Asks: 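Mind looking over this structure? Questions follow.
Treat the numbers as computed from the prediction; the structure is a model and nothing was measured. Atoms within each ligand, like the ligands themselves, are counted from 1 in listed order.
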Amino acid sequence: MTVVPPKFVRLIGKGRASDVGGMTSSVLAPTIRLRRTPFWDRVERAGVQVVSIYNHMLMPCMFESPEEDYRHLKGHVQVWDVSCERQVRLRGPDAQRLAQMMTPRWVGDMDAGQCLYVPAVDRNGFMLNDPVLLKLAADQFWFSLADSDLLLYALGIAGGAGLDVEVDEPDISPLGVQGPKAGELMSRVFGHEIYRIPFFRFGFVQFNGIRHAVSRSGFSKQGGFEIYVDGAENGVPVWDALMEAGRDLGVRAGGPNYAERIEAGLLSYGSDITRENTPHEAGLSRFCDTERSKEFLGRESLLRLESEGPKRQIRCVSIDGDKVPACDRPWRATAGRRFAGTITSATWSPDFETNVAIGMIEAEHWDPGTRLVIELPDGSRTATVRGNFYI
Ligand code: THG
């Protein structure tokens with residue numbers, strides 16, 4: 001494999017490094033600690049061209065071209081190897097207590113079979129991760145992780161507080177089925193019951209005698225499901241069944257699409273939000289119930305921060321001009337020569353026919369319609385702060 005810095009990989013002979021703006025011929029060491037996925041053989045055979053590293057694991061990002069993948073996702077159905085959305089499993093009498101210690105979102109009234117998007121926040125009020133939390137049972141929860149080692153934090157808290165809970169990373173590999181024809185494909189393989197799963201809920205399906213959780217969720221706004229494949233050895237049969245059943249639907253391998261997720265305002269931990277940010281800066285205030293979440297370890301800090309209000313916040317931004325280069329480091333934004341924030345994700349949107357971007361914008365400049373100047377590596381561009389792209 002050939003590396004395109006800082007975190008893109010291309011496979012020898014196939015990659016188009018220009019698509020992600022990088023260009024070197026160094027090689028990514030094929031070690032055991034760089035984790036493959038149960039589906040990786042199929043992902044390579046499907047012609048993956050750009051991959052990222054997420055939770056120490058490979059994640060496919062691009063197959064045909066950014067534009068073709070985007071068009072296909074919005075019109076058809078794709079199967080996504082998102083094994084890198086690792087699960088941190090909490091099991092035992094204190095499982096719910098530990099989950100609540102880690103997030104300001106109220107988890108006390110979750111139903112079994114429910115998913116919640118929860119900011120994971122430390123004692124000082126800073127973001128650790130932005131996972132999806134699944135409640136399996138009164139004494140079992142899964143954090144479905146974004147890209148940070150939340151397992152270590154959970155182990156530390158559980159040990160330090162002497163909780164009666166087991167924390168581990170089970171052999172579960174999520175497989176996304178995303179796009180407008182996702183329901184049709186899922187029902188062909190798993191039966192019509194999948195239609196009974198509402199958005200952000202999950203149920204279980206049987207496949208070859210193995211039980212897998214299936215949620216109605218995913219990292220796109222095109223609708224779809226995620227199959228939490230139980231057991232690495234069971235991955236390829238599920239993948240093959242989806243590809244076979246979806247042949248006449250034009251099913252293809254895919255992955256989180258950069259343009260589509262920016263349009264959707266879906267954040268990327270590590271890029272758009274980091275350890276430097278509070279959940280309010282991340283625009284996740286609606287997922288904080290700090291007053292009620294008495295066990296949340298950052299409660300005092302967040303209550304203080306909430307009384308002050310954020311001084312900067314996530315915004316969608318459109319950037320004028322032709323297709324921007326890869327946003328592989330933060331781009332400075334100014335307004336009237338004053339610092340106005342940083343752009344952390346940006347690319348061309350074929351549907352909106354402009355560059356779409358996400359940035360952390362200072363309060364004085366965050367109103368929709370505000371004009372900005374962005375310092376790109378190849379010169380300055382004018383830009384406009386948006387409310388969001390789809391609404
Ligand atoms: N699915 C699962 N795990 C994940 C992701 C996923 N872990 C990593 C990453 N993605 C976590 N980040 C997000 C961000 C947004 C959403 C899901 C995961 C999302 N948000 C909706 C929205 O903002 O409109 C709904 C939020 C809500 O209403 O609660 O879907 O994709 N398993």
Asks: Distance under 4.0 Å to a non-hydrogen atom of Y228: what atoms of ligand 1 satisfy this?
Replies: 32 (N)
Asks: In terms of side-chain geometry, is the basic nitrogen of R261 or D272 positioned less than 4.0 Å from the acidic oxygen of its partner?
Replies: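 Yes, this pair counts.
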Asks: Hey, is ligand 1 close enough to L267 that some N/O pair sits below 3.5 Å?
Replies: no
Asks: Same cluster for M62 and L73 if Ile/Leu/Val/Met/Phe/Trp/Tyr side chains link at under 4.5 Å?
Replies: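 No, separate clusters.
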Asks: Can you report which non-hydrogen protein atom sits closest to atom 8 (C) of ligand 1, along with the distance?
Replies: L145 O, 3.1 Å
Asks: Could you tell me whether Y269 approaches ligand 1 through its side chain, its backbone, both or neither, with non-hydrogen atoms closer than 4.0 Å?
Replies: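 Neither; no heavy atom under 4.0 Å.
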Asks: Starting from atom 10 (N) of ligand 1, what is the nearest protein heavy atom, named by residue and atom, and what distance separates them?
Replies: F219 CD1, 3.7 Å
Asks: Indicate every side-chain donor-acceptor pair of residues 103-110 with a distance under 3.5 Å to a residue at least two apart or in another chain.
Replies:
unit_1: T103; atom_1: OG1; unit_2: R105; atom_2: N; d: 3.1
unit_1: T103; atom_1: OG1; unit_2: P119; atom_2: O; d: 2.6
unit_1: R105; atom_1: NH1; unit_2: Y117; atom_2: O; d: 2.8

Asks: Treating S271 as the side-chain partner and S345 as the backbone partner, does any N or O pair qualify as donor plus acceptor under 3.5 Å?
Replies: no
Asks: Decide whether an N or O pair under 3.5 Å exists between F200 and ligand 1.
Replies: no
Asks: Is ligand 1 under 4.0 Å from a heavy atom in the side chain of Y54, in the backbone, in both, or in neither?
Replies: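 Side chain only.
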Asks: Would you kindly specify which portion of F143 sits under 4.0 Å from ligand 1, judged on non-hydrogen atoms: side chain, backbone, both or neither?
Replies: neither
Asks: Measure the distance from atom 13 (C) of ligand 1 to every protein heavy atom, then report the residue, atom name and distance (to 0.1 Å) of the closest one.
Replies: Y117 CE1, 3.5 Å
Asks: Heavy atom to atom 15 (C) of ligand 1, shortest distance: which of I273, L133, L266, V118 holds it?
Replies: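 Going through I273, L133, L266, V118 one by one, L266 has the nearest heavy atom to atom 15 (C) of ligand 1.
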Asks: Tell me, which pairs form a ring-ring contact (aromatic ring centres under 6.0 Å, His included) where one or both residues lie in residues 127-147, sequence neighbours left out?
Replies: none
Asks: Any non-hydrogen side-chain atom of F352 less than 4.5 Å from a side-chain atom of E263?
Replies: yes
Asks: Quick check: S144 and ligand 1, any N/O pair under 3.5 Å apart?
Replies: yes
Asks: For atom 22 (C) of ligand 1, which candidate among R105, R261, Q178, K221 provides the closest heavy atom?
Replies: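 It is K221 whose heavy atom sits nearest to atom 22 (C) of ligand 1.
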Asks: Starting from atom 23 (O) of ligand 1, find the nearest protein heavy-atom neighbour and note its residue, name and distance.
Replies: R286 NH2, 4.0 Å
Asks: Give the residue and atom name of whichever protein heavy atom lies nearest to atom 4 (C) of ligand 1, and the separation in Å to one decimal.
Replies: E85 CD, 3.5 Å
Asks: Any heavy atom of P174 sitting closer than 4.0 Å to ligand 1?
Replies: no
Asks: Classify the side-chain pair E362/W366 by whether it contains a donor and acceptor separated by less than 3.5 Å.
Replies: no
Asks: Considering only the protein, which heavy-atom contact is closest to atom 12 (N) of ligand 1, and what is its distance?
Replies: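 Looking only at protein heavy atoms, the one closest to atom 12 (N) of ligand 1 is D130 O, 3.4 Å.
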Asks: Determine whether more than 12 heavy atoms belonging to other residues, nucleotides or ligands lie under 6.0 Å from atom CZ of R292.
Replies: yes
Asks: Quick one about S187 and H192 (side-chain donor to acceptor, distance below 3.5 Å, no hydrogens or angles considered), yes or no?
Replies: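 No, no side-chain donor-acceptor pair sits under 3.5 Å.
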Asks: Side-chain donor-acceptor pair under 3.5 Å between Q222 and E260, yes or no?
Replies: yes
Asks: Would you mind telling me if ligand 1 is within reach of the side chain of V132, the backbone, both or neither, using heavy atoms under 4.0 Å?
Replies: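 Within the 4.0 Å criterion, V132 contacts ligand 1 through side-chain atoms alone.
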Asks: Closer than 3.5 angstrom, by distance alone: can the side chain of N277 be matched with the main-chain N or O of T274 as a donor-acceptor pair?
Replies: yes
